[in-house]
Structures are given as structure tokens and as C-alpha cells.
Amino acid sequence: MTMSQDLLDYHDALATLLQTHRPISRTEQAPLAELNGRVLAQDVAVRFDVPTFDNSAMDGYAIHGDDRRHWQVQHRIAAGDAATGLTLQPGKAARIFTGAPVPAGTTSVVMQEHVARGADDRITLIDGTRIKPGQHIRRQAEELQTGTTLLRQGQRLNPATIGLLAIQGYTHAPVLARLRVTVFSSGNELVPPGQPLQPGQIYDSNRIMLITWLRALGFEVHDGGALPDQLAATRTALQQAAQHSDTILCSGGVSVGEEDHLKNALTEVGTLIQWRLFIKPGKPFTWGHIGKGSGHGNGNDNDNGDGACRVFMLPGNPVSSLVTFQQLALPTLRRLSGLPIEQARPLQLQASADFRRDEPEPRREFVRVVLRQHEAGWQVTPVAQQGSNMLSGAAHANALAETPPGARVAPGDRLTVYPLFELL
Ligand SMILES: Nc1nc2c(c(=O)[nH]1)N[C@H]1C(S)=C(S)[C@@H](COP(=O)(O)OP(=O)(O)OC[C@H]3O[C@@H](n4cnc5c(N)ncnc54)[C@H](O)[C@@H]3O)O[C@H]1N2
Ligand code: MOO
């Protein structure tokens with residue numbers, strides 16, 4: 001077991017997390033309607049040419065003979081019609097619509113705006129109009145060629161790529177399985193909303209916050225409930241959850257008090273890799289893994305944690321949970337779900353501060369801010385309630401602004417900013 005007593009910097013922690021967590025290997029065939037956000041497990045091939053047949057790009061006339069000014073209209077071909085067996089002779093034309101197959105013999109398509117049609121079904125090119133040979137014909141295979149690669153393994157599917165699969169007639173695609181995440185909260189003081197509060201108790205907000213967030217991102221979430229402040233019960237719950245989960249996410253109980261049992265439980269049933277980061281909020285953030293078998297050291301998880309259930313322990317203060325989830329656990333879950341490291345990182349942009357902070361903060365801080373677009377670019381203003389226990393502040397923020405260790409801030413300073421919930 002490796003365990004560092006040092007407080008890691010955020011960027012080192014994120015880099016280590018992304019490098020030491022590799023995508024899970026379980027794959028499945030998922031239907032089109034469930035593919036958004038999923039990662040392709042294999043290359044997908046182009047099954048047939050697109051366009052499948054030469055077709056018209058415009059509503060107008062397919063003509064034979066680009067150097068003429070008149071053509072006789074003899075056919076009518078709408079989208080959905082077949083043009084098989086039809087051949088345009090020189091000087092002839094077919095009324096045609098966008099997407100309809102052009103008949104054999106077609107040299108060009110002219111837009112209907114560019115011809116006058118007489119009662120005798122003769123069309124005449126309007127003066128000043130020039131025909132570029134072959135114009136307005138979408139050629140078979142000009143976009144996709146049978147046998148080439150349509151989409152590559154590792155590609156994260158979005159509405160456009162799902163549409164592309166549909167264009168090729170696919171009903172399913174091979175994707176990595178959805179990551180199974182069990183969410184626990186921890187603490188004797190926690191009560192689910194809906195029950196009366198006794199003295200000393202508070203409502204459990206972290207669990208529902210994390211569960212809804214994870215579900216919105218497409219993870220397969222299991223609600224593990226609230227763990228009591230008891231080592232044995234915590235140990236058992238973690239070990240059981242590890243058997244049917246790819247990851248466990250818990251909040252609370254990772255600090256130094258003797259009622260904080262999560263770290264010890266992890267050490268007993270698995271491997272604790274890192275405890276504590278030099279960040280504010282979220283200092284006690286912890287990660288490790290638990291092997292899929294019974295008992296500690298069962299050999300099913302090696303030092304890298306390959307094949308093991310990955311465990312992320314978020315500090316209990318609600319804002320600390322939110323910040324460490326968004327900045328550390330979520331990028332790692334995205335990596336485990338199959339995204340390349342660069343795409344798994346939190347989305348970031350540069351913004352200018354419109355506030356001052358004279359008192360330097362020793363730790364790297366993620367300030368809860370409102371991010372707005374001004375004429376001069378993005379600007380950030382901190383929300384009023386910055387306590388790590390004050391979810392009301394974070395609830396009015398839409399981004400986190402990062403300030404380096406020991407930094408003072410002056411208006412106009414450039415800060416790295418991470419939008420909140422933008423990818424939902
Ligand atoms: N002596 C020290 N005390 C503390 C330190 C420290 O370094 N030395 N660190 C502080 C920091 S920073 C944080 S953050 C907290 C985190 O502690 P835990 O992760 O052990 O969290 P708890 O003690 O269980 O809870 C902290 C706080 O959050 C409330 N909480 C917990 N879970 C939930 C939940 N699911 N929903 C809503 N609220 C929750 C809990 O009631 C506490 O008020 O430790 C500091 N202490
Ligand atoms: O992580 Mo504590 O996060 O500073 O309240």
C-alpha cells in the first residue's frame with residue numbers, strides 16, 4: 001500500500017488520477033436512443049456509399065446537354081422515387097426535386113428559378129444564367145465510401161454521431177458499458193429529507209446532489225444510503241458495494257476526527273492511495289481501490305487498481321463535496337468511462353477577475369463565482385457565501401475560479417475558470 005502524508009497539489013492529483021485510471025473493459029451493444037455520451041468500443045465501418053445514388057441537390061430539372069438553352073421535360077422524379085431504367089436523351093429533361101435520384105444521362109441539374117417552363121413542357125434557360133457542367137448533382141460515395149471507417153474506437157458519441165450511425169442504418173453500436181457508481185453519504189447526523197429532524201441532526205444533501213449529477217451525465221447510479229459513524233458497518237458496506245460497482249463515491253467522514261471512519265475502512269478492505277490535497281475547499285479528498293473478492297489483499301486488485309472498484313472519498317462539507325467531485329472525481333469517472341485524458345479534464349476557460357483579494361490564501365482555491373460575458377470577454381464575480389459548509393453560495397454560482405497557492409487577486413487579473421454543470 002502506498003500512502004502519502006503530503007498534501008498534493010490539485011494539478012498533480014488530477015494528472016495522477018487521469019494517468020492511473022484506465023477505461024473499463026466491459027462493452028455492450030446499445031441502441032441508438034441510448035448512445036448519447038457513450039464511448040465507442042470498436043471502430044464502426046461505412047456499410048454503404050453515401051450518397052447511395054447520384055441525386056439532385058436542388059429542386060429543378062435534370063437535363064441532358066449543358067451547352068443548350070432549351071430542353072423538353074419528359075419525366076418527373078420526386079424524392080423517394082426510383083429512377084432505375086430511365087435514361088435522359090440529349091435535349092431532354094426531367095422535373096426533379098432535392099434528394100431525388102438523377103436518371104442516367106443527366107449532365108447537370110438546373111434550379112427551377114433559372115428556367116422558364118412553357119405550356120408545351122419546354123424549359124428555357126433564363127438569360128444570363130450559366131451552367132457549370134455537372135452542377136447540383138450529389139455524386140454517389142462523394143461523402144462516405146463503403147469499407148472505410150465511419151467512427152473510431154474511443155469516440156464519444158453525440159447527437160451528430162448518432163445521426164451518422166442512423167444514416168448508415170445502424171440500430172446499435174458497440175460501446176463501453178455504463179460505469180456503475182455506488183454513492184454513499186456518511187454521518188450519524190444525516191437524515192433523508194421527508195423525515196422530521198431531531199436535535200443535532202441535519203438533512204442529507206450531498207447524496208442527492210451527487211446522485212442527480214451522476215444520473216444527468218449518464219452513469220449507472222446505485223444509492224448506497226447513509227453510512228453510520230461505525231468502522232465495522234462502513235467496512236462491510238464498502239466491501240459489499242465494491243463487488244457490484246466500478247466505483248464508489250462517498251462523502252463525509254474523511255477528516256481527522258475519531259468519528260471519521262471512511263479512510264480507515266478503506267485501508268482495511270482495500271488500498272488507500274492518497275489522502276489530502278493542498279486545496280480549498282476539499283482538503284481531505286481521498287482515493288483508493290477495493291478488490292473484487294472477499295477480504296483485504298485477496299490479490300484481485302494490483303497496486304494499479306486494475307480491475308478493482310475505484311473509491312473516491314469526498315469531504316463532507318457540501319461545497320467541498322461539490323468542488324472535489326467536479327474537479328477530481330468526475331474527470332476520473334469520465335476517464336474510466338472511456339474518454340481520452342484530454343477530454344476527461346474539466347472544461348476550462350480564462351476570465352478576468354472583477355474582485356480584489358488582499359489576504360493571500362495559502363492553498364489553491366476554487367472560488368465560487370458568477371461567470372458573465374462582457375464586451376471585454378469573460379468576467380468572474382465571487383458569490384457572497386464562500387464557506388465550504390455553505391451550499392447556498394455554490395447554488396448561486398455557475399463556475400469555479402482557480403486561484404494559485406498564496407495568490408492575491410486584483411481586478412483584471414486573468415484566472416482559470418471551470419464552468420459548473422455546463423456539460424449536463
Ligand atoms: N481538526 C480538523 N478538523 C477538520 C479538518 C482538519 O483538517 N482538522 N478539516 C476540515 C475540513 S477542511 C473539512 S472539508 C471537513 C471534512 O470532514 P469530513 O469529510 O470528515 O466530513 P464530516 O466531518 O463528516 O462532515 C463535515 C460537515 O459536513 C456535513 N455533512 C457531511 N455529510 C453531509 C451530507 N451528506 N449532507 C450534508 N451535510 C453533510 C457534516 O454534518 C459536517 O458539518 O472537516 C473539517 N474538520
Ligand atoms: O475542505 Mo474543507 O474543505 O476546506 O471545508
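Just so you know, ligand 1 is whichever comes first in the structure, and atom 1 is the first atom listed for that ligand.
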Item to check | Cationic tip of Arg95 above Tyr61 ring, under 6.0 Å, 45° of axis | outcome: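 Yes, a cation-pi geometry holds between Arg95 and Tyr61.
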Is [X] close to ligand 1, meaning an N/O of one under 3.5 Å from an N/O of the other?
{"X": "Arg207", "result": "no"}
{"X": "Arg363", "result": "no"}
{"X": "Pro284", "result": "no"}
{"X": "Gly316", "result": "yes"}

Checklist entry - Are the side chain of Gln168 and the backbone of Tyr170 linked by a donor-acceptor contact shorter than 3.5 Å? => result no
Which is closest to [atom] by heavy-atom distance: [options]?
{"atom": "atom 23 (O) of ligand 1", "options": "Asp260, Val183, Asp204", "answer": "Asp260"}
{"atom": "atom 40 (C) of ligand 1", "options": "Lys283, His261, Glu189, Gln201", "answer": "Glu189"}
{"atom": "atom 13 (C) of ligand 1", "options": "Asn317, Thr324, Ile279, Asn188", "answer": "Asn317"}

Under 4.0 Å from any heavy atom of [X], which atoms of ligand 1 are there?
{"X": "Val254", "value": "18 (P), 19 (O), 20 (O)"}
{"X": "Ser185", "value": "35 (N)"}
{"X": "Ile202", "value": "37 (C), 38 (N), 39 (C), 41 (O)"}

Next on the checklist: In terms of relative ring orientation, are Tyr10 and Phe366 parallel, tilted or perpendicular, with 30° and 60° separating the classes?
Outcome noted: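 It falls in the perpendicular class, over 60°.
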Checklist entry - For ligand 2, which atoms, with element, lie under 4.0 Å from some heavy atom of Arg363? => result 4 (O)
Item to check | Distance filter under 4.0 Å to Gly282 heavy atoms, resulting ligand 2 atoms | outcome: 1 (O), 2 (Mo), 3 (O), 4 (O)
Next on the checklist: For atom 17 (O) of ligand 1, what's the nearest protein heavy-atom neighbour? Residue, atom name and distance, please.
Outcome noted: Ser255 CB, 3.2 Å
Item to check | Arg364 with Asp9: basic N within carboxylate O range, under 4.0 Å | outcome: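 Asp9 and Arg364: salt-bridged.
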Checklist entry - For ligand 2, is any non-hydrogen atom under 4.0 Å from Arg276's backbone (N, CA, C, O), its side chain (CB onward), both, or neither? => result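 Under 4.0 Å from ligand 2, Arg276 contributes no heavy atoms.
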Checklist entry - How does Pro281 reach ligand 2, if at all, at less than 4.0 Å between non-hydrogen atoms: by side chain, backbone, both, or neither? => result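 Pro281 to ligand 2: contacts from backbone and side chain alike.
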Checklist entry - Contact between Pro281 and ligand 1, counting heavy atoms under 4.0 Å? => result no
Checklist entry - Is there a heavy atom of Gly253 sitting under 4.0 angstrom from any atom of ligand 1? => result yes
